[in-house]
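Below is one structure, written out as structure tokens, with a few remarks after it.
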Amino acid sequence: INAFFSWAEIKYKVDLPSRIKLVKYERALPEFLKPDELDSIYKLCKDEKMLSTFKVYEHTGIRLRELHNCELDITDNGTFIKLRRTKGKRERIIPIPIEIVEDFKRATDGGVYKPDRISKHFSKLRNLAKVGSNKSLHSLRHTFALRKLLELGNIYLVKELLGHSSVTTTQIY
């Protein structure tokens with residue numbers, strides 16, 4: 001707002017009111033899902049492909065739309081998901097636990113569910129499981145980040161796994 005007023009004063013040579021004081025607000029902290037909350041949600045899921053989709057998000061930390069632009073890569077060095085066309089516009093490689101590979105195949109077989117369908121189904125199950133309404137599908141990403149931070153103890157590695165351009169964003173987690 002202040003930048004606009006400065007521009008308008010210069011461009012149109014008008015005298016505008018003094019600068020506006022911007023209001024700072026508390027940013028909500030990320031929501032994590034506890035193991036018992038995940039179990040409650042997963043037990044209610046009758047659609048095997050949807051359940052597999054949720055597990056892929058939980059164990060890889062990918063963003064909702066990234067499942068549509070990835071492929072499985074099994075090498076001698078491990079099993080990975082290669083992400084193309086990510087939010088940061090760069091390719092990202094994420095290790096995937098071997099026990100989640102079948103879930104990945106099931107989630108992507110015959111095409112991935114549309115993002116809205118995945119998100120709405122998760123919200124429906126979350127409500128049925130009586131898990132806090134502030135927890136969403138994106139909370140699976142936050143849960144992944146917290147687990148990795150505790151496991152690795154290195155915020156820079158977690159930053160890379162999540163595809164953040166700055167460690168400042170990862171520090172929020």
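By convention here, the first residue in the shown sequence is residue 1.
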Quiz item: Hey, what do you get for OG (Ser133) to CG (Asn127), rounding to the nearest 0.5 Å?
Solution: 7.0 Å
Self-check item: Arg147/Glu58 ion pair, N-O < 4.0 Å
Solution: yes
Quiz item: Which residue pairs pass the ring pair (Phe, Tyr, Trp, His ring centres under 6.0 Å) test when at least one of the two sits in residues 32-64, sequence neighbours left out?
Solution: Phe54-Phe122
Quiz prompt | From CG (Asp109) to CD (Glu102), nearest 0.5 Å | solution = 10.5 Å
Which donor-acceptor pairs under 3.5 Å do the side chains of residues 73-80 make with protein atoms, sequence neighbours left out?
from  : atom 1 : to    : atom 2 : distance (Å)
Thr75 : OG1    : Asn77 : N      : 3.1
Thr75 : OG1    : Gly78 : N      : 3.3
Thr75 : OG1    : Gly78 : O      : 3.1

Quiz item: Is it true that a side-chain atom of Glu160 and a backbone atom of Leu157 form a donor plus acceptor pair closer than 3.5 Å?
Solution: no
Quiz item: In terms of hydrophobic clusters joined by side-chain contacts under 4.5 Å, are Ile172 and Leu150 together?
Solution: no
Quiz item: Out of curiosity, Leu137 CG to His142 NE2, how far, rounded to the nearest 0.5 Å?
Solution: 10.0 Å
Quiz item: If you take all heavy atoms of Val56 and Thr60, which pair is closest and at what distance?
Solution: O-OG1, 2.6 Å
Quiz item: How many angstroms lie between NZ in Lys55 and CG in Leu38, if you round to the nearest 0.5 Å?
Solution: 10.0 Å
Self-check item: Lys/Arg N to Asp/Glu carboxylate O, Lys82 vs Glu91, below 4.0 Å
Solution: no
Self-check item: ILVMFWY network linking Tyr156 to Ile94, side-chain heavy atoms under 4.5 angstrom
Solution: yes
Quiz item: Which atoms form the tightest heavy-atom contact between Arg65 and Asn69, and what is the distance?
Solution: O-ND2, 3.8 Å
Quiz item: Is there a side-chain contact between His138 and Leu64 (heavy atoms, below 4.5 Å)?
Solution: no
Quiz item: Linking I/L/V/M/F/W/Y whenever any side-chain heavy atoms sit under 4.5 Å apart, do Trp7 and Ile10 land together?
Solution: no
Self-check item: Same apolar cluster: Leu146 and Leu161, side chain cutoff 4.5 Å
Solution: no
Self-check item: Distance, nearest 0.5 Å, that separates CD of Gln171 from CG of Leu149
Solution: 10.0 Å
Quiz item: Are Arg84 and Glu71 close enough for a salt bridge, meaning some N to O gap below 4.0 Å?
Solution: yes
Quiz item: Hey, are the side chains of Leu67 and Phe104 touching, using non-hydrogen atoms and a 4.5 Å cut-off?
Solution: yes
Practice problem: Write down the atom of Leu162, the atom of Gly61, and the distance for their closest heavy-atom approach. | Solution: CD2-O, 4.1 Å
Quiz item: Would you call Arg106 and Asp103 a salt bridge, using N to O less than 4.0 angstrom?
Solution: yes
Quiz item: Which heavy atom of Arg63 sits nearest a heavy atom of Gly163, and at what distance?
Solution: NH2-O, 3.8 Å
Self-check item: Exam field: side chain His68 to backbone Tyr113, donor-acceptor pair closer than 3.5 Å
Solution: yes
Quiz prompt | Donor-acceptor contact below 3.5 Å, side chain Ser139 vs main chain Ser136 | solution = yes
Quiz item: Hey, does Arg126 have a side-chain heavy atom less than 4.5 Å from the side chain of Glu37?
Solution: no
Quiz item: Can Ile118 be reached from Leu44 by stepping across I, L, V, M, F, W or Y side chains whose heavy atoms are under 4.5 Å apart?
Solution: yes
Self-check item: Pairwise distance NZ(Lys135) to OG(Ser123) - rounded to 0.5 angstrom
Solution: 13.5 Å
Quiz item: At their closest point, which heavy atom of Lys49 faces which heavy atom of Ala107, and how far apart are they?
Solution: CE-O, 3.2 Å
Quiz item: What are the two closest heavy atoms between Val158 and Ala145, and how far apart are they?
Solution: CG1-O, 4.0 Å
Practice problem: Please confirm whether the backbone N or O of His164 pairs with a side-chain atom of Thr169, one donor and one acceptor, at under 3.5 Å? | Solution: no
Quiz item: If only atom types and distance count, is the side chain of Lys148 paired as donor or acceptor with the main-chain N or O of Lys159 below 3.5 Å?
Solution: no
Self-check item: Verdict with supporting geometry, Ile93 and Ile81, side chain to side chain contact (heavy atoms under 4.5 Å, CB included)
Solution: CA-CA 6 Å; Ile93 298 172; Ile81 294 178; over 6 Å; no
